[in-house]
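FYI, side chains are in, hydrogens and waters are out, and symmetry mates aren't considered; it's all heavy atoms of this structure. Residue numbers count from 1 along this sequence. Order of appearance sets the numbers: ligands from 1, and atoms from 1 within every ligand.
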Amino acid sequence: MRDKVKRNVLLNPGPSTTTDTVKYAQVVPDICPREKEFQGIMKPMRDDLVRIVHGDTDEYTAVLFCGSGTICIDVALNSLLDEGKKALVINNGSYSQRAVDVCHYYGMPVIDLKQPLTTQPDLNLIEKTLKENPDIGYVYVTYHETGTGLLNPVREIGALAHKYGKFLVSDTTSAYAMIPINVYEDNIDFCMASAQKGIQAMTGLSFIVGRREIIEQSAHFPKRSYYCNLYMQYDFFEKTGEMHFTPPVQTIYAARQGLKEYFEEGEKAKWERHQRIMKAIRKGIDELGFREALGRDVQSGLVSAICYPDDDNWDFEKVHDYCYKRGFTIYPGKMQGQGTFRLCALGAIDEQDIENFWKAFSEALEYYNIKTPVQYKE
Ligand SMILES: *Cc1c(COP(=O)(O)O)cnc(C)c1O
């Protein structure tokens with residue numbers, strides 16, 4: 001048995017709390033990743049990543065990249081747009097704004113369909129946009145906008161994309177391996193995630209799961225990046241079983257362990273655990289009188305964006321530091337013009353951790369003379 005590592009409860013939206021078995025999975029004998037032994041890890045890992053979203057591995061494949069989750073946004077957007085086509089981005093949060101920014105950096109034509117941040121997007125407007133712009137190549141939507149906790153109606157948006165002969169790319173980074181996803185039922189052609197979120201492993205490994213047929217077509221699409229090209233990485237994997245450039249070796253061992261633990265826990269039980277955690281988060285929110293930026297009916301159930309109270313003594317940094325010293329990490333919000341902080345139900349934690357967190361948090365409020373139940377002006 002190895003020593004236990006000090007356990008921190010991370011309530012930020014990833015990287016998330018990991019198990020010690022995942023942490024220690026990184027401590028392995030040095031190995032050159034070009035060895036067959038290492039390839040023997042990556043092939044089943046790619047298949048497992050497809051299985052998580054219920055894809056058939058003949059139709060869908062997983063392509064691994066060394067980088068944080070944003071690398072997948074970059075790769076998918078820049079690699080999958082054919083000559084003469086436009087990207088359609090449903091923009092209702094900071095992550096879809098990031099996708100629009102990526103398109104701008106590459107000088108790619110993009111329809112930036114801005115939608116409200118706190119309610120679901122207008123499907124009629126999406127359909128109208130598809131109807132009026134036959135030169136759209138793909139529709140891009142963030143599955144779960146992690147900045148606010150908004151869940152997008154991906155299945156419906158995917159159905160619209162397909163109705164007009166387009167494919168759907170979804171940034172599922174903060175939902176994958178948490179909210180059950182089925183690429184067929186959810187009309188998803190491409191999705192993506194990063195090892196530090198749903199599979200509860202380490203940062204530095206990210207992956208796109210998508211349709212082989214479209215990836216193969218994309219061999220003839222304009223090449224906008226050398227390092228961040230989907231077809232190039234896919235093709236190299238298919239031919240050699242390896243990543244094109246040096247993989248994050250130890251991170252891959254941790255991801256293998258994370259996947260093992262994912263399948264042991266099971267899709268359903270894991271999603272139930274995340275919901276149990278969110279229930280405990282909401283209980284504390286309600287007891288302390290906090291308000292959330294979004295209605296619960298449109299939330300993913302994985303992130304809560306909580307409005308700062310109107311109290312002169314409220315100071316997010318101080319409350320954060322108080323909790324941090326006691327092993328709990330809370331995170332600032334990502335909503336412009338509105339003071340919010342976030343509590344997230346990701347990672348290898350459970351409801352008891354949240355109960356302990358609320359104790360520490362309540363002590364912090366008392367320590368800094370912040371009135372409870374918390375006050376709002378209107
Ligand atoms: C975490 C996250 C990403 C990736 O962010 P990185 O900081 O690059 O790891 C991308 N999209 C969404 C929706 C996320 O929640």
Side-chain angles (χ1 to χ4, degrees), residues 10-18 49 52-53 63-78 87 89-103 105 115 117-118 120-121 139-154 157 168-179 181 186 188 190-210 225 227-228 230 248 251-252 254-255 258 274 278 293-294 298-305 329-335 340-347:
L10 302 189
L11 302 176
N12 50 297
S16 47
T17 300
T18 57
L49 292 170
I52 287 183
V53 287
V63 186
L64 312 181
F65 292 90
C66 180
S68 81
T70 303
I71 199 170
C72 295
I73 300 178
D74 185 322
V75 169
L77 288 164
N78 94 65
V89 177
I90 316 304
N91 184 356
N92 57 357
S94 54
Y95 287 95
S96 34
Q97 180 58 47
R98 189 175 296 178
V100 171
D101 293 343
V102 168
C103 293
Y105 269 59
Q115 289 289 285
L117 304 187
T118 56
Q120 294 210 322
V139 179
Y140 179 100
V141 60
T142 306
Y143 194 99
H144 164 212
E145 271 292 352
T146 327
T148 53
L150 181 73
L151 186 71
N152 271 314
V154 170
I157 295 170
L168 186 87
V169 181
S170 184
D171 172 1
T172 53
T173 311
S174 58
Y176 179 96
M178 293 180 278
I179 299 176
I181 293 174
D186 294 325
I188 293 174
F190 288 89
C191 61
M192 60 187 78
S194 194
Q196 82 268 22
K197 294 203 178 168
I199 65 167
Q200 300 177 179
M202 296 296 158
T203 60
L205 175 70
S206 299
F207 39 87
I208 293 178
V209 176
S225 169
Y227 197 76
C228 292
L230 182 59
T251 301
I252 286 178
H274 289 295
M278 184 46 75
L294 269 66
V298 293
Q299 292 182 22
S300 64
L302 289 167
V303 170
S304 171
T329 301
I330 61 176
Y331 204 68
K334 241 187 192 170
M335 297 183 71
T340 57
F341 68 99
R342 282 178 284 174
L343 296 179
C344 308
L346 278 66

Pairs under 3.5 Å, nitrogen or oxygen of ligand 1 with protein nitrogen or oxygen:
unit_1: ligand 1; atom_1: 8 (O); unit_2: S68; atom_2: OG; d: 2.5
unit_1: ligand 1; atom_1: 8 (O); unit_2: G69; atom_2: N; d: 3.3
unit_1: ligand 1; atom_1: 8 (O); unit_2: T70; atom_2: N; d: 2.8
unit_1: ligand 1; atom_1: 8 (O); unit_2: T70; atom_2: OG1; d: 2.5
unit_1: ligand 1; atom_1: 9 (O); unit_2: G69; atom_2: N; d: 3.0
unit_1: ligand 1; atom_1: 9 (O); unit_2: Q196; atom_2: NE2; d: 3.2
unit_1: ligand 1; atom_1: 11 (N); unit_2: D171; atom_2: OD1; d: 3.3
unit_1: ligand 1; atom_1: 11 (N); unit_2: D171; atom_2: OD2; d: 2.6
unit_1: ligand 1; atom_1: 15 (O); unit_2: T146; atom_2: OG1; d: 2.5
unit_1: ligand 1; atom_1: 15 (O); unit_2: K197; atom_2: NZ; d: 2.7

Would one find more than 12 heavy atoms of other residues, nucleotides or ligands at under 6.0 Å from atom OH of Y331? no
Mark yes or no for whether S300, through its side chain, and L151, through its backbone, hold a donor-acceptor pair below 3.5 Å. no
Any donor-acceptor pair under 3.5 Å from S170 side chain to T142 backbone: no
Between R342 and A305 (side chain of the first, backbone of the second, donor and acceptor by atom type, cut-off under 3.5 Å), is there such a pair? no
If we check side-chain contact (heavy atoms from CB on, under 4.5 Å) with S206, which of these qualifies: S194, P248, C66? S194
Do you see a donor-acceptor pair shorter than 3.5 Å between the side chains of Q299 and S304? no
